[in-house]
Amino acid sequence: MGELKGRKLVLGVTGGVAAYKAAELVRLLGKAGADVHVVLTEGGARFVTAVTFQALSGNRVWTDLWDPRMDNNMAHIDLTRDADAIIVAPATADVMAKFVHGRADDLLTTLCLARDCPLLVAPAMNRQMWEHPATRRNAAQLRADGVTLLGPAAGEQACGEVGLGRMLEPEELCEAVIGFFQPKLLAGRRVVMTAGPTFEAIDPVRGITNSSSGKMAYGLARACVQAGAEVTLVSGPVALSTPAGCARVNVKSALEMREAVFAALPGADVFIGVAAVADYRPAASAEHKIKKSGEQMSITLTPNPDILADVAGLASPPFCVGFAAESRNLDEYAEGKRKAKKLPLIVGNLVQDGLGGDDNEVVLFDAAGRHPLPKAPKPEVARAIVAHLAGLLPGS
Ligand code: C5P
């Protein structure tokens, strides 16, 4: 929320079927706080009308280089004068070719040529158009010219074919735009993280787990990617989609999580243990479903390894960050854990309503003391944690 507050964005919509998704993109960018000004090409206007974009953006929509509504008749210059970026979504093969050649035969291409702000392009086209050597050359040239390409993705296309060329979904595009503006505090760093709950099997259909939603970890993974890090997310079972640009390894039990973490660890600069790892697992998991007998039964539990303590205890560990969810005595318990597990940083939070909420209020504990962060939505808290930990990394 508010991640794009104060940003003026010009959104160019060109003539592809994916133009209908640009309407949702306008809504999401606006929800994130951006002031969005839509420029529709003639082709774009064949798919979605200016009325839709005007209603969603709350701003006039521009379509014509010769639009007399601009006092000085300089729409091609004035629209981007104080813009933070131009985003073209969807971008057709044709508009990409025009950008490469510096063509300026309509309002959008003229704006792009006359701009002094970054250009972000979200290609959307049939897979054969995307794979054509001309488009490959154009995409490479745009990158060489400093243009940021967002996507395309692979998947089912409007033409019925399956392949690379589909525009990224509006949520992914909005994320990418937010990420574009984040300071690259973790550029060149490799981060390994754990996320979510673990599931410790009792029998093939039952197990011990907890209410961790994974939202904090996924928000943190996303914030790390947006800060320029390469992220591996070792995740217990959660109902969340993988943040763009993250490598995700799915695991169930604490033992599987530990194995996956150690496999991902070589070369990592940072390890963040966010997962709510079960402290115990059934000593034995039944091979077949346990039948009810009506009698009392007990399950013998055996302790799980402490993944974070094991990583932090390595001869030359990465920078280790822990989480401590406590129901009381936060300072004492969190700082105690930080010292016991030999962590340079621990994120403490008081859990009164259980895990899994959308907001979080945390206190960071490091060698310099306690640093409370204001209560905020988890993505915002995640960015503040990233900023703090980036400042503590060796060589920063
Ligand atoms: O000791 P406690 O479980 O409260 O410590 C929490 C921190 O330790 C979290 O960062 C959690 O991910 C990590 N942890 C772990 N392996 C365990 C238990 C906790 O990595 N078995």
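Since the structure is predicted, the reported quantities are computational estimates derived from the model, not experimental observations. We count ligands from 1, going down the list as the structure has it; atoms in each ligand are counted the same way.
- Inspection of the Ser235 and Tyr218 side chains reveals an N or O donor paired with an N or O acceptor under 3.5 Å.
- Cluster annotation: Leu240 is connected to Ile385 through the hydrophobic network of ILVMFWY side chains, with a link wherever side-chain heavy atoms come within less than 4.5 Å.
- If you check which protein heavy atom lies closest to atom 5 (O) of ligand 1, you get Lys341 NZ, 2.9 Å.
- Pairs of residues two or more places apart, or lying in two chains, that qualify as salt bridge (charged side-chain N to carboxylate O under 4.0 Å, His left out) and include a residue from residues 10-26 are Lys21-Glu169, Glu24-Arg27.
- Residue Ala278 has no N or O atom closer than 3.5 Å to an N or O atom of ligand 1.
- Of the protein's non-hydrogen atoms, Val277 CB, 3.5 Å is the one closest to atom 17 (C) of ligand 1.
- Shortest contact from atom 10 (O) of ligand 1 to any protein heavy atom: Gly273 O, 2.5 Å.
- On a distance-only criterion, Lys337 and ligand 1 share at least one N/O pair closer than 3.5 Å.
- Scanning all protein heavy atoms for the shortest distance to atom 16 (N) of ligand 1 gives Ile307 N, 3.0 Å.
- Using a 4.0 angstrom heavy-atom cutoff, Asp306 counts as in contact with ligand 1.
- Contacts between Pro305 and ligand 1, counted as non-hydrogen atom pairs separated by less than 4.0 Å, involve the backbone only.
- Residue Ala275 places a heavy atom less than 4.0 Å from ligand 1.
- When the side chains of ILVMFWY residues are joined at heavy-atom separations under 4.5 Å, either directly or via intervening members, Met216 and Leu308 end up in two distinct hydrophobic clusters.
- Residues Pro243 and Val231 are not in side-chain contact: their nearest non-hydrogen atoms beyond the backbone lie 4.5 Å or more apart.
- The shortest N or O to N or O distance between Ala276 and ligand 1 is not under 3.5 Å.
- With 3.5 Å as the limit, one finds a donor-acceptor pair spanning the side chains of Asp106 and Thr109.
- Counting protein heavy atoms only, atom 6 (C) of ligand 1 is closest to Phe323 O, 2.9 Å.
- Residue pairs meeting the salt bridge (charged side-chain N to carboxylate O under 4.0 Å, His left out) criterion with at least one member in residues 196-209, sequence neighbours excluded: Asp203-Arg206.
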